[in-house]
Every structure is written in C-alpha cells, then in structure tokens.
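These figures come from a predicted structure and were not determined experimentally. Residue numbering restarts at 1 for every chain, and letters A, B, ... go by the order of the sequence lines.
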Number of protein chains: 2
Amino acid sequence: MSPARSGTGAGTRPKRPTMVDVAREAGVALRTVSRVVNNDPTVGEKNLAKVQAAIAALNYRPDERARQLRLGVTGTIGAAVRRIAEVNPELAAIEHTARSSGLTLLAASTDFDEAREREILISMCRQRLDGIIVEPIGESHGYLQPELEAGMPVVSMDRPMSGISADCVMSDNASGIGMAFHHLHQHGHRRIAYIGDSERVFSGRERAGAFRASLRAYGEPLDGLVHTGEITAQRVAAALETALHAAQPATALVTGNMETTIAVLRQLGRDQASRIAIVGFDEVPLADLLQPALTVVAQDTARIGRTAVELLRARMAEPDRAVETVVVPLDLIVRGSGELRA
Amino acid sequence: MSPARSGTGAGTRPKRPTMVDVAREAGVALRTVSRVVNNDPTVGEKNLAKVQAAIAALNYRPDERARQLRLGVTGTIGAAVRRIAEVNPELAAIEHTARSSGLTLLAASTDFDEAREREILISMCRQRLDGIIVEPIGESHGYLQPELEAGMPVVSMDRPMSGISADCVMSDNASGIGMAFHHLHQHGHRRIAYIGDSERVFSGRERAGAFRASLRAYGEPLDGLVHTGEITAQRVAAALETALHAAQPATALVTGNMETTIAVLRQLGRDQASRIAIVGFDEVPLADLLQPALTVVAQDTARIGRTAVELLRARMAEPDRAVETVVVPLDLIVRGSGELRA
DNA sequence: GCATCCTAAGATAACGTTATCTCAAGGATA
DNA sequence: TATCCTTGAGATAACGTTATCTTAGGATGC
C-alpha cells in the first residue's frame with residue numbers, strides 16, 4: 001500500500017516521486033529502474049518484480065520532459081492553423097495521421113494574426129518540437145530561415161511561405177475555379193460573377209486570377225464581375241448589388257471560400273438564393289440541408305492534412321532532401337444550387 | 001556574421017547551439033548568458049552587448065524543455081476534448097483564456113473513445129502539464145486518483161467525472177430542457193416528443209430525465225414520447241415514426257443535442273421540417289439559414305470554457321481548496337422553428 | 001584448472017537550463 | 001588607512017532522465 005502523500009502543507013504542490021525514489025524503495029540501482037521503465041529485457045525476474053512493486057506503491061510516472069531532454073527528440077509535432085475549435089478537416093487529418101505515426105500533436109490558433117503566428121512558431125521552435133506544420137498567415141516568414149538552417153522541419157499547408165523555401169501542400173486552386181466556372185457555363189450561364197477574399201491573401205489572389213482567366217478563356221468581358229476584398233456584410237452587399245443589378249446582370253455566382261459563401265447566402269436571403277445559381281469554393285457545414293442544397297468545389301482536406309504530416313516525416317527522416325510542393329486536385333460536389341438554369 | 005551551419009552531413013540533424021556555446025562565443029560565463037536571457041538587470045553594459053551579439057550570431061534559442069525541467073512548471077495546460085478541429089466554442093474560449101493568462105494550451109481529441117481518453121490524460125500527466133481540463137467520455141476515472149493526490153489539477157467540463165472528486169463546470173441541463181418544453185407548451189403544443197442521446201452518457205441521462213419531469217409537471221402522459229439511444233439515421237427514423245404517427249401524434253420535438261438535431265432535420269426533409277415545431281438543445285452551425293430558422297436552447301459555451309480555465313488556475317494556485325462545481329445557465333434563442341403553432 | 005565469454009546490474013556522466021554560493025573589485029564610512 | 005557594503009560575474013550543483021562504462025559472478029571452452 002502506498003503511504004498517504006496528500007496535503008504536504010497548504011498551498012504547496014506535493015513533489016512527485018522520481019526514479020531515484022523508486023530505486024531506493026526497490027533497493028536497486030537507478031539504472032535498473034530505467035531499464036524496467038523502458039522494457040529492457042536484461043533485468044532479472046527478482047529485480048523486475050521489486051521495481052514494478054515500487055512503481056505501483058509510489059505511483060511513479062516518468063517525467064517526459066527529462067526524458068525528452070536526454071533523448072533529444074520530443075515525439076511531438078506542432079500545427080499552427082488559423083483556428084482550432086472550428087471545422088477544420090485538415091487539422092483532423094493531421095491529428096489522425098500524427099497519432100498513427102506515434103507522434104503527439106500540439107495545435108495552436110494563429111487567429112489570422114501575423115504577430116500571433118510568429119509567437120507560436122518561435123515558441124514551437126523553443127520547445128524543440130520534431131517538426132512544424134503551418135497554415136501561413138503572414139506575408140514574410142524570413143524569420144524562420146535560421147530555424148530551417150538549424151534543422152527544424154517545416155511544412156506549409158494551403159499556401160506557400162514567402163521568403164523561405166520549405167515543403168508545401170496545397171489545393172489546385174486554378175483548376176478548382178475552372179471547374180466551378182465550367183459547370184455554371186454548361187448550365188447556360190454567361191454572366192457569372194466572382195466574390196472572394198482579399199487578393200492580398202495568396203489563395204484569394206490565385207482564385208481571383210483563375211476566375212479572370214476563365215472569363216477570358218470563354219470570351220466573356222470582365223466588367224463588374226470580379227469582387228475581392230475583406231469579407232464583411234457591407235462589402236458582400238455592395239458586390240451583389242453591382243453584379244446582380246447591372247445592365248447585363250449576373251445569373252450565377254462563384255464564391256471564393258467558405259466564409260464568403262456563407263456571407264453571400266445570408267445576404268441573398270431565402271427567396272433570392274433559390275433563383276441565382278451558386279457554386280461555392282470549399283465545403284460548407286450542413287450544405288445539404290440548405291435550400292437549394294449547395295453545390296461546391298471541395299478541397300480534398302483529408303489528403304492535404306495527411307500529406308502535410310507525410311512531408312514533415314520525410315524531412316524529419318532526411319533533412320537534406322529536395323524541397324517538395326504537392327498540389328492536390330479538388331472535387332465538384334453537385335447538390336442543386338449550381339444546376340439552376342440561367 | 002554567423003558561420004554557415006547547414007548540412008552537417010547527410011541525414012543528420014545539425015546540433016543547435018546551447019547556452020554554453022553562446023558563453024564561449026561571447027567570452028563570458030554560462031551564468032551571465034542565463035542572466036541576459038532572463039532579463040536580469042545585474043549585467044553590465046559591456047557584457048550585455050557581447051552576449052546579445054553572440055546570441056544573434058549563433059541564432060541561439062533557449063531550450064524550453066531544459067528550462068521547464070529545471071523550473072518545475074511547464075506553463076502549459078492540457079485540454080482533452082471530444083474533437084478539436086470541429087466547432088467547439090468551449091475549446092475556443094479555453095484557448096483564449098489560457099493565452100491571456102500566459103499559458104500555452106495543448107489540446108487533443110479523445111474522439112469519443114474511452115481508451116484514447118485515458119492515453120491522453122496519462123500522457124499529459126507524464127508531460128507534467130500544470131493542469132488538465134477534460135470533457136470526460138469514459139464512465140470511470142478512478143485511474144486519475146493517484147494523479148490528483150500527486151497534485152495534478154484537473155477540471156472536468158460539461159459533465160462530472162465519476163470515481164473521483166474534481167472541480168467541474170457544466171450547463172444547467174434540467175433548466176434548459178425545461179425552457180424548451182415550456183416554450184413549445186406556450187405555443188399550444190400538448191404532444192411534445194424528445195429525441196436524444198443514449199442515457200448511458202451523463203448529459204443524455206440528465207436531459208431525458210428532465211424532459212420526463214416536464215411531461216409529468218404538465219400532466220401529460222409519457223407514452224411513446226421519449227426516445228434515447230445512439231444517434232443513427234435508423235434510430236432517428238424509427239423514433240420519428242413512433243412519435244409522429246401515433247394515435248395522438250406529437251406536434252413538436254425537442255432534440256437532445258446538436259448531433260440529434262441535425263439527424264432529425266435530415267430525416268424530416270424539407271417539407272416536414274416546416275410543419276413540425278422543433279427546439280434543439282445546443283447551437284447548430286448556420287441555424288439561421290435553415291428553413292425555418294432553428295430555435296435552440298444554447299449553452300453559454302464561452303463562459304463554460306472560461307470558467308474551466310479559471311477553476312484550473314484557482315486550483316493550481318491553491319491545491320487544497322474545496323472542490324467546486326459551477327453550473328452555467330442556458331439561453332433560449334428564438335428563430336422560428338420553435339414558434340410554429342400546434 | 002584457468003582463461004574466456006556472457007549476463008545482470010551498478011557508477012557515473014551527460015542533456016541544457018536555473019539557482020545558490022562565492023568572490024573580486026570598488027566606493028563609502030569611521 | 002582599515003573595514004564594510006554594494007555590484008557585477010563566475011563555479012558549481014541541481015532538475016529527472018538515458019547512455020556509456022565498468023564490474024561481479026557464473027557458465028563455457030580447451
């Protein structure tokens with residue numbers, strides 16, 4: 001039986017037993033306890049039993065910090081994403097893949113804030129994580145250069161980092177926009193508008209650019225059809241006003257990301273939403289319950305997350321391998337909103 | 001200028017400089033570097049400059065693991081929730097509150113799996129986190145008793161843990177169900193059915209019990225109106241069949257959690273959903289865009305998350321304080337689906 | 001019967017920090 | 001001029017592990 005070890009004086013946290021305490025209790029050397037803890041087979045039956053008894057009696061738990069300090073590796077990778085605690089299938093895939101590789105995941109939210117992102121990344125480096133996956137927010141990541149040189153594996157997800165060269169996994173934005181455009185065009189639409197995120201953001205830039213290219217490829221004029229910028233109710237309202245009430249009004253919309261899609265749906269209201277064809281970029285929660293159900297171009301988020309971990313592990317195993325960028329294709333998911341005729 | 005320190009042989013991770021290296025580079029003692037790193041004011045200008053230069057030249061970053069080992073505290077708290085990477089406002093609040101308290105958050109998904117939960121919690125104990133918040137899944141948490149006795153602060157969220165006595169913050173489930181029932185009753189409904197999660201789960205038990213109590217309080221019979229169990233499409237379909245096609249069919253529904261609400265909406269389809277009054281327990285994403293918009297009893301998730309961190313910090317500061325359970329009230333959010341008349 | 005080899009287990013030195021002493025130099029005080 | 005603080009800075013011992021040696025003791029080989 002273990003001695004009662006609670007309440008070592010008010011307000012003070014009781015000390016936990018260490019390997020030394022276990023060794024003393026068991027009457028063996030420190031090294032022997034270490035062997036038992038690490039399942040080293042070269043321990044005799046007698047000592048094995050004594051040590052196990054002592055561990056149970058003292059409720060000993062090895063201190064992971066000391067272990068990691070000594071070992072050099074932490075068995076933990078970091079993920080700096082925009083928001084944990086929001087629907088984030090990439091992060092779910094990262095967590096799942098990491099776990100099945102025996103890696104612990106430390107996830108943190110950059111909250112769309114460049115300074116916060118930097119704090120988190122530096123902190124992860126100080127914690128000597130085995131590697132970092134980042135969904136980059138900031139425009140310049142040059143400050144990571146020393147870390148890369150010091151051998152910290154870093155993989156960027158969803159968009160590349162500027163100022164440094166690191167592995168990257170991202171969706172084929174241009175093809176995705178092309179698919180959305182083509183789908184609406186096939187359903188008879190000729191005036192198709194695009195509303196999307198700011199072009200200061202990499203993905204916003206890529207998608208708007210691809211949309212303009214689609215318009216040009218199909219020989220349509222660009223006038224008043226492409227609206228980009230911060231997503232706010234006012235901006236979306238203004239964009240819709242311009243697009244839908246022009247001399248030649250748009251009959252279909254492509255929305256550049258989930259946030260935009262939701263904002264547009266809110267703005268349109270129930271009546272209008274059933275008259276204008278919409279294809280959203282990115283999956284939207286409960287998209288199938290909306291009226292009409294929402295047609296989207298969906299990123300292969302599971303594959304993106306999985307690939308991010310795989311790229312990271314590859315670099316952890318082989319720090320000097322060539323930098324790689326993986327581009328993942330998207331899928332058109334047909335549900336109704338994109339099939340309304342012009 | 002720093003010497004090129006990349007590529008120390010293929011496949012091997014280059015060693016990072018340590019405090020000793022910085023001391024040598026700067027020509028001062030190890031202790032002086034430590035003072036500089038920790039902003040100790042008792043360092044002369046000359047040495048301060050030399051050390052700062054050396055730190056920059058070598059790209060030195062303190063090793064957090066060693067620091068924590070020496071200090072005894074990690075400045076990190078753990079959160080074992082059902083799913084990170086899903087909408088989880090409690091977790092968002094925890095992260096926010098932790099950050100503004102200067103604490104790092106380590107979040108992990110138990111994935112509704114008891115064994116996984118146990119793994120995570122034990123791992124967090126081994127990492128000697130400063131405290132743990134857990135949204136309990138398993139039925140017995142007795143294995144945490146030694147950890148509690150060893151001074152590990154643990155707070156449970158959303159439901160209590162059985163087998164041990166720990167601080168807890170949770171919603172006032174009974175009042176919430178009462179509010180939903182009362183609201184529907186006020187709108188003329190007399191046959192009100194409940195569909196909810198398994199009663200093996202604490203919250204499922206509490207909510208179903210409260211619903212039965214409401215029926216009794218209003219003098220209504222319970223026959224065929226209360227349906228609990230694992231949430232699957234078949235089960236929900238069967239429950240709806242029983243409730244809606246009885247001799248005295250239900251005209252209104254209370255759904256016991258978000259998952260159930262969504263399953264019920266999917267099952268009802270668009271036409272039926274606009275004829276049957278529904279009040280959901282828990283907020284649902286895009287609830288305002290549904291048709292009719294969804295009336296819900298919403299938990300004060302932000303307050304729950306914040307309170308969890310506060311309880312944890314209180315126990316970290318004062319390990320021997322009395323165990324506390326905080327019950328948080330809910331809010332009825334009226335949007336349409338709950339105001340359909342009988 | 002003695003050298004050799006294997007096995008179990010112990011001493012002890014890292015890992016990279018911070019904390020406790022100690023000490024030297026210099027200015028103030030009697 | 002001798003003594004006492006004050007201030008800056010260096011040795012060195014933790015923190016709790018794992019890894020490298022070393023050693024004692026019995027089994028094996030010739």
Any side-chain donor paired with an acceptor under 3.5 Å for Asp40(A) and Thr42(A)? yes
Which letter, B, S or -, goes with each nucleotide of nucleotides 18-24 of chain C from 5' to 3', with contact meaning a protein heavy atom under 4.0 Å? BBB----
Nearest-neighbour nucleotide for the Ala66(B) side chain, dG8(D), dG10(D), dT17(C) considered: dT17(C)
Taking the side chain as C-beta and beyond, is there a heavy-atom pair between Arg306(A) and His96(A) under 4.5 Å? no
Send over the distance from Leu48(A) CG to dA8(C) C1', rounded to a whole Å. 13 Å
Arg116(A) and Glu119(A) ion-paired at < 4.0 Å: yes
Heavy-atom closest pair, residues Arg126(B) and Arg67(A): NH2-CD, 4.4 Å
Length of the CG-P vector between Asp40(A) and dT20(D), whole Å: 13 Å
Residues Pro136(B) and Pro160(B): closest non-hydrogen pair is CG-O, 4.1 Å
For Lys50(A) and dA8(C), what is the distance between atoms NZ and C1' respectively, to the nearest whole Å? 13 Å
With nearest nucleotides of DNA chain D determined for Tyr60(A) and Val43(B) from heavy-atom distances, which residue corresponds to the more 5′ nucleotide? Val43(B)
Nearest-Å distance for atom pair CG/P, residues Asp63(B) and dC15(D): 19 Å
Separation of atom NZ in Lys15(A) from atom P in dC15(D), rounded to whole Å: 7 Å
Just the rounded figure in Å: distance from P of dT17(C) to CG of Leu69(A). 9 Å
Take the protein atom CZ of Arg65(A) and the nucleotide atom C1' of dT17(D), then report the distance between them rounded to whole Å. 11 Å
With respect to His141(B), which candidate in Arg118(B), Glu147(B), Glu117(B) satisfies the side-chain hydrogen bond (donor to acceptor under 3.5 Å, both in side chains) definition? Glu117(B)
Using a cut-off of strictly less than 4.0 Å, decide whether Thr32(B) has a side-chain nitrogen or oxygen near OP1 or OP2 of dA9(D). no
Distance, rounded to the nearest Å, where Leu58(B) contributes CG and dG16(C) contributes C1': 15 Å
Going through the distances and angles, do Met157(A) and Val134(A) end up as a side chain to side chain contact (heavy atoms under 4.5 Å, CB included)? CA-CA 6 Å; Met157(A) 189 171 72; Val134(A) 54; over 6 Å; no
